[in-house]
Amino acid sequence: MYWLFKTEPDEFSIDDLEADGTACWDGIRNYQARNFLRDKVTVGDSVFIYHSSCARPGIAGQAEVIKAAYPDPAQFDAESRYYDAKATKNNPRWFCVDVCWRATFAEVLPLAQLKQLPALADMLLLKQGRLSVQPVTAEQWRLIEGIID
DNA sequence: GCCAACGTTGGC
DNA sequence: GCCAACGTTGGC
C-alpha cells in the first residue's frame with residue numbers, strides 16, 4: 001500500500017531520515033492515524049514524507065516501511081512528551097512503525113501545487129487537514145511520482 | 001500569531 | 001450520549 005506520513009521538519013525532516021537511514025515513526029497520538037498504523041501499514045509499503053507546519057509545506061521525499069506496528073515505547077516513558085499514563089505494556093494505546101529512507105526530492109513538492117491538480121481533489125491530505133498518517137491511492141501515488149520525475 | 005477545522009474531555 | 005469548553009493541527 002501507499003501512505004503519506006507527516007512530520008514537522010524542525011523536529012524530524014527528510015534530511016534527518018536520509019542521514020539516519022532508518023527511523024522509528026513514533027509519537028502518533030491520533031486514533032485515526034493510530035488505526036492506520038496498527039492495522040494497515042505493512043512491511044514493504046511505500047511512504048511519502050510530508051513536511052508540515054513549516055515555511056514550505058509539501059512532499060519532501062520517500063520512505064519504505066521496514067517493520068510493522070509495535071507498541072510505541074514513548075508512551076511508557078514518563079520523561080517523554082509522548083508519555084501516556086493510561087497506557088500499559090499489556091494494553092498499549094499507541095503504536096509506531098519503522099521506516100527506511102528511500103529518496104529525498106531535489107525540491108519539496110509544494111502543497112500549493114498539489115492543490116491545483118484536479119486529479120488530487122479527493123486526496124485526504126487536501127480534504128482532511130489534520131491526519132498525520134493517511135493512505136494514498138495507487139493513482140495518486142503515480143500522479144505525484146510523475147511530477148517528481 | 002491568527003484562526004478554521006477538527007479532536008478530546010468531562011459534566012450532566 | 002449530548003454538547004460546551006478546551007486543546008491541537010497546520011496553512012497562511
Side-chain angles (χ1 to χ4, degrees), chain A residues 1-20 22-41 45-65 68-99 101-137 139-148:
Chain A
M1 285 188 71
Y2 301 103
W3 302 97
L4 182 143
F5 290 0
K6 292 184 183 175
T7 181
E8 299 186 19
D10 291 345
E11 301 265 336
F12 188 80
S13 72
I14 190 71
D15 295 326
D16 295 322
L17 181 59
E18 181 171 1
D20 295 348
T22 65
C24 169
W25 209 265
D26 62 359
I28 301 297
R29 294 293 180 270
N30 166 284
Y31 287 105
Q32 201 179 352
R34 189 279 309 266
N35 292 344
F36 281 131
L37 267 190
R38 186 189 58 189
D39 304 332
K40 305 285 187 190
V41 176
D45 283 357
S46 298
V47 181
F48 281 137
I49 302 299
Y50 178 90
H51 284 174
S52 66
S53 295
C54 59
R56 289 168 26 259
I59 300 175
Q62 262 188 50
E64 179 175 333
V65 177
Y70 60 99
D72 181 346
Q75 69 194 306
F76 308 122
D77 177 4
E79 304 292 311
S80 170
R81 59 181 283 211
Y82 298 120
Y83 177 67
D84 186 338
K86 292 178 181 167
T88 65
K89 303 248 173 167
N90 286 333
N91 192 16
R93 186 182 281 196
W94 306 111
F95 292 81
C96 57
V97 300
D98 288 352
V99 300
W101 175 85
R102 197 194 269 167
T104 301
F105 299 157
E107 292 182 10
V108 171
L109 176 56
L111 175 64
Q113 188 174 343
L114 298 175
K115 282 181 177 174
Q116 289 171 2
L117 300 172
L120 293 182
D122 289 335
M123 197 173 175
L124 273 178
L125 178 70
L126 307 179
K127 293 177 71 176
Q128 186 178 341
R130 309 175 69 247
L131 187 57
S132 56
V133 170
Q134 55 180 260
V136 174
T137 68
E139 290 83 353
Q140 291 162 353
W141 183 274
R142 278 196 294 271
L143 194 149
I144 292 168
E145 283 222 302
I147 297 170
I148 299 301

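For the numbers below, each heavy atom of this structure counts, side chains included, while hydrogens, waters and symmetry mates do not. Small disclaimer: the values here were computed from a predicted structure and weren't measured. Just so it is clear: chains get the letters A, B, ... in the order the sequence lines come, proteins before strands, and each one is counted from 1.
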**OP:** Anything under 4.0 Å to a heavy atom of chain A counts; send over the first and last such nucleotide of DNA chain C, read 5' to 3'.
**Re:** C:dG7 to C:dC12
Original post:
A:F48 vs A:W141 aromatic rings, parallel, tilted or perpendicular, using cut-offs 30° and 60°?
Top reply: parallel
Original post:
Measuring from A:I144:CD1 to A:L109:CG, what's the distance to the nearest 0.5 Å?
Top reply: 6.5 Å
**OP:** Enter the inter-axis angle for the ends of the helix from B:dG1-C:dC12 to B:dC12-C:dG1 (five pairs per end, rounded to 10°).
**Re:** 10°
Original post:
For DNA chain C, what residues of residues 118-131 of chain A have any heavy atom nearer than 4.0 Å?
Top reply: A:G129, A:R130, A:L131
Subject >> Flag if over 12 foreign heavy atoms under 6.0 Å of CZ, A:R56 >> reply: no
Subject >> For A:S53, all residues meeting side-chain contact (heavy atoms from CB on, under 4.5 Å), sequence neighbours excluded >> reply: A:E8
**OP:** Please report the shortest heavy-atom distance between A:R102 and A:E64, naming the atom on each side.
**Re:** NH2-OE1, 3.1 Å
**OP:** Applying side chain to side chain contact (heavy atoms under 4.5 Å, CB included), run through A:L37 and A:F5 and close with a yes or a no.
**Re:** CA-CA 10 Å; A:L37 267 190; A:F5 290 0; 4.1 Å; yes
**OP:** Please confirm whether A:W94 and A:Y70 have ring centers closer than 6.0 angstrom.
**Re:** no
Original post:
Residues two or more places apart in sequence or in another chain: which of them pass salt bridge (Lys or Arg N to Asp or Glu O under 4.0 Å) with A:E11?
Top reply: A:R81
May I have the list of side-chain donor-acceptor pairs in residues 111-132 of chain A shorter than 3.5 Å, sequence neighbours left out?
| unit_1 | atom_1 | unit_2 | atom_2 | d |
| --- | --- | --- | --- | --- |
| A:Q128 | NE2 | A:Q32 | OE1 | 2.8 |

